[in-house]
Number of protein chains: 2
Amino acid sequence: MIYQLYLYQQSIKIMEKLSDIIFYSIEKSIKSYRQFAQKNISKAGIEITIDQWLVLKTIEEDNSTPQKDIASKTFKDVASITRIIELLVQKGYLSRKSKSEDRRRFELTLTDEGNDIIKKMQPYIQINRAQALKNITDEEIKNLHSTLSKIISNIN
Amino acid sequence: MIYQLYLYQQSIKIMEKLSDIIFYSIEKSIKSYRQFAQKNISKAGIEITIDQWLVLKTIEEDNSTPQKDIASKTFKDVASITRIIELLVQKGYLSRKSKSEDRRRFELTLTDEGNDIIKKMQPYIQINRAQALKNITDEEIKNLHSTLSKIISNIN
DNA sequence: CAAATATAATTGATATATCAATTAAAACAG
DNA sequence: CTGTTTTAATTGATATATCAATTATATTTG
């Protein structure tokens with residue numbers, strides 16, 4: 001009886017651990033990936049952060065996106081976007097001027113250097129992803145997606 | 001022929017999108033979870049950040065862990081740990097004094113208030129996790145774990 | 001149209017992440 | 001035992017996250 005209680009408590013503990021750890025795993029995987037990706041980029045002598053690249057890339061894909069939409073596309077805060085754009089302009093990758101139709105907004109355009117760095121980054125992005133996803137099947141990725149989507153929708 | 005080429009290119013594009021997006025999904029899920037969890041904690045009037053709690057919890061579980069090990073357990077930098085501990089001491093949740101055996105290290109002990117807040121947090125942590133993982137089977141969690149572990153080991 | 005409201009972006013304050021340099025103490029090697 | 005190396009933690013600098021308050025402009029409403 002006491003032994004069964006012990007087993008029961010153990011199994012509760014184990015189950016707790018399992019679900020506890022899942023958010024740690026998610027956190028660890030994304031942190032590791034970011035460090036890994038950033039390291040490879042820096043090693044290649046490319047002077048941009050992953051976050052700056054992400055914002056630049058978003059603007060490249062559609063330069064009419066308002067900053068608040070850049071924020072939601074990149075899962076960032078509008079305040080962060082303001083500051084990242086500032087740095088991108090400082091670094092000469094981006095030009096920014098007020099829009100005449102709506103003077104609260106800005107016309108964001110990649111400079112030649114901005115386009116260059118996007119091109120230079122491309123192979124590294126792909127290599128990084130390929131290495132991180134090595135030996136992982138499409139099926140697994142689909143499942144990963146599906147479970148993560150469930151978590152995301154449970155929360156919202 | 002041209003139509004088939006089109007389909008082929010589409011499928012490449014779709015596959016690219018899929019694997020591209022996986023890191024976005026991971027990032028989005030963990031960011032959403034953190035926001036969600038932090039909001040619930042704050043709403044409950046508990047004045048601590050998730051990161052501070054995580055560090056406090058790690059010390060509670062084993063108060064002989066050196067700061068550098070706290071860092072690796074929480075996937076943080078030692079510099080961040082130094083600063084988080086500073087805040088925890090300031091807030092009165094933690095006491096810190098030099099160790100006599102090794103004066104580079106510190107004796108970290110939860111104060112009564114520190115223990116209190118850990119207790120107060122407990123139900124919220126569980127509710128948050130339960131809600132985030134609602135309708136997700138153990139099987140799915142196991143798979144999630146397994147795929148994330150693969151990613152993590154591919155990177156290291 | 002004028003006043004009220006809503007929206008886009010910025011700014012300030014505080015927390016955290018990351019890297020590099022530094023400090024203090026411990027461990028080691030000759 | 002002394003000089004060298006290693007280790008634990010801190011500090012400084014810069015980037016990003018988050019929240020709240022603010023500014024400027026646009027939109028809506030009476």
Side-chain angles (χ1 to χ4, degrees), chain A residues 27-28 30-43 47-56 59 64-91 93-94 96-108, chain B residues 27-28 30-43 47-56 59 64-91 93-94 96-108:
Chain A
E27 182 128 350
K28 181 171 186 181
I30 197 66
K31 278 195 180 180
S32 304
Y33 180 68
R34 279 183 155 265
Q35 283 176 359
F36 163 77
Q38 186 68 63
K39 209 162 283 175
N40 287 344
I41 299 305
S42 302
K43 217 176 356 184
E47 299 208 335
I48 196 169
T49 67
I50 302 283
D51 290 305
Q52 289 166 10
W53 169 80
L54 191 57
V55 170
L56 201 59
I59 296 167
S64 71
T65 316
Q67 290 182 204
K68 73 182 184 55
D69 293 348
I70 297 175
S72 62
K73 280 188 187 179
T74 56
F75 318 128
K76 289 177 185 302
D77 193 273
V78 285
S80 298
I81 297 298
T82 296
R83 281 151 188 154
I84 291 174
I85 285 177
E86 232 169 67
L87 288 172
L88 288 170
V89 171
Q90 263 179 40
K91 288 186 166 181
Y93 296 144
L94 201 59
R96 194 177 76 140
K97 44 185 174 180
S98 209
K99 283 203 170 190
S100 45
E101 325 90 87
D102 184 340
R103 282 165 48 211
R104 293 168 305 183
R105 293 186 47 194
F106 296 88
E107 184 86 53
L108 298 168
Chain B
E27 183 127 352
K28 181 172 187 180
I30 197 66
K31 279 195 179 178
S32 305
Y33 180 68
R34 282 184 152 263
Q35 282 176 358
F36 163 78
Q38 186 67 63
K39 209 162 283 176
N40 288 343
I41 299 306
S42 302
K43 219 178 348 185
E47 297 207 335
I48 196 169
T49 67
I50 302 284
D51 289 304
Q52 289 166 9
W53 169 79
L54 191 56
V55 170
L56 201 60
I59 296 167
S64 71
T65 316
Q67 291 183 201
K68 73 183 182 54
D69 294 348
I70 298 176
S72 62
K73 280 187 187 180
T74 56
F75 319 128
K76 290 176 183 304
D77 193 273
V78 284
S80 299
I81 297 298
T82 296
R83 282 152 187 154
I84 290 174
I85 285 177
E86 232 169 68
L87 289 172
L88 289 170
V89 171
Q90 263 179 40
K91 289 187 165 182
Y93 296 143
L94 202 58
R96 193 178 77 142
K97 43 186 175 182
S98 210
K99 284 203 168 188
S100 45
E101 326 91 86
D102 185 341
R103 283 163 52 209
R104 293 168 303 183
R105 293 186 48 194
F106 297 88
E107 184 87 52
L108 298 168

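All chains are named by letter (A, B, ...) in the order of the sequence lines, taking the proteins before the strands, and each is independently numbered beginning at 1. Every heavy atom of this structure was used, including side-chain atoms; hydrogens, water molecules and symmetry mates were not.
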Sugar-phosphate, base or nothing in reach of A/Gln38, heavy atoms under 4.0 Å | nothing

Rounded distance (Å) that lies between atom P of D/dA17 and atom CD of B/Gln35 | 11 Å

When A/Gln52 and A/Glu101 are each assigned the nearest nucleotide of DNA chain D, the 5'-most assignment goes to A/Gln52

Considering heavy-atom distances to DNA chain C, does B/Lys91 or A/Thr65 have its closest nucleotide positioned more toward the 5' end?
-> A/Thr65

Nearest listed nucleotide, side chain of A/Pro66, among D/dA26, D/dT7, C/dA9 | C/dA9

Before accepting this row, confirm whether a basic side-chain N of the pair B/Asp77/B/Arg83 lies closer than 4.0 Å to the acidic partner's carboxylate O.
-> no

Looking only at side-chain N and O atoms, does B/Lys76 come under 4.0 Å of OP1 or OP2 in C/dA17?
-> yes

Heavy-atom nearest nucleotide on DNA chain C taken for B/Leu87 and for A/Lys39; more 5' hit belongs to B/Leu87

Is a donor on one side and an acceptor on the other found under 3.5 Å between the side chain of A/Arg105 and the backbone of A/Ser64?
-> yes

Of the listed nucleotides D/dA9, C/dA8, C/dT10, the one nearest the side chain of A/Phe106 | C/dT10

If you pin A/Lys99 and A/Ile50 to their nearest nucleotides in DNA chain D, which one's is more 5'?
-> A/Ile50

Taking the side chain of B/Arg96 as heavy atoms from C-beta outward, which of C/dA9, D/dT10, D/dT18 is closest to it?
-> D/dT10

Which part of the nucleic acid, if any, lies within contact of A/Asp77, taking any heavy atom under 4.0 Å across all strands shown: a base, the sugar-phosphate backbone alone, or nothing?
-> base

With a 4.0 Å cut-off on heavy atoms, is A/Thr49 in touch with a base, just the backbone sugar-phosphate, or nothing at all?
-> sugar-phosphate

Considering residues, nucleotides and ligands other than A/Glu47, do more than 12 of their heavy atoms fall under 6.0 Å from its CD?
-> no

At under 4.0 Å between heavy atoms, what does B/Thr82 touch on the DNA or RNA strands: base, sugar-phosphate, or nothing?
-> base

Would A/Gln38 and A/Thr49 count as a side chain to side chain contact (heavy atoms under 4.5 Å, CB included) if you check the C-alpha gap in whole Å, the side-chain angles of each, and the deciding distance to 0.1 Å?
-> CA-CA 7 Å; A/Gln38 186 68 63; A/Thr49 67; 3.9 Å; yes

Quiz item: B/Arg83 side-chain donor-acceptor pair to C/dT18 base, under 3.5 Å = yes

Could you state the atom-to-atom distance from NZ of A/Lys68 to P of D/dA26 in whole Å?
-> 16 Å

Residue A/Glu86, side-chain heavy atoms: nucleotide from C/dT11, D/dT16, C/dT10 that is nearest = C/dT11

Grab the two heavy atoms, one from A/Ser98 and one from A/Arg103, that are nearest each other, plus how far apart they are.
-> OG-O, 3.6 Å

Is there side-chain contact between B/Asp51 and B/Arg34, with heavy atoms separated by less than 4.5 Å?
-> yes

Looking only at side-chain atoms of B/Arg104, point me to the closest of D/dA17, C/dC19, D/dT7.
-> D/dT7

Nearest-Å distance for atom pair CD1/P, residues A/Ile30 and C/dT18 | 12 Å

Reckon A/Asp102 touches a base, only the sugar-phosphate, or nothing at all at heavy-atom distances under 4.0 Å?
-> sugar-phosphate

note: B/Lys31, atom NZ; C/dT16, atom P; distance rounded to Å ~ 16 Å

Looking only at D/dT25, D/dA8, C/dA8, the nucleotide nearest the B/Arg105 side chain is D/dA8

Tell me what B/Ile81 touches on the nucleic acid: a base, only sugar-phosphate, or nothing, going by heavy atoms under 4.0 Å.
-> nothing

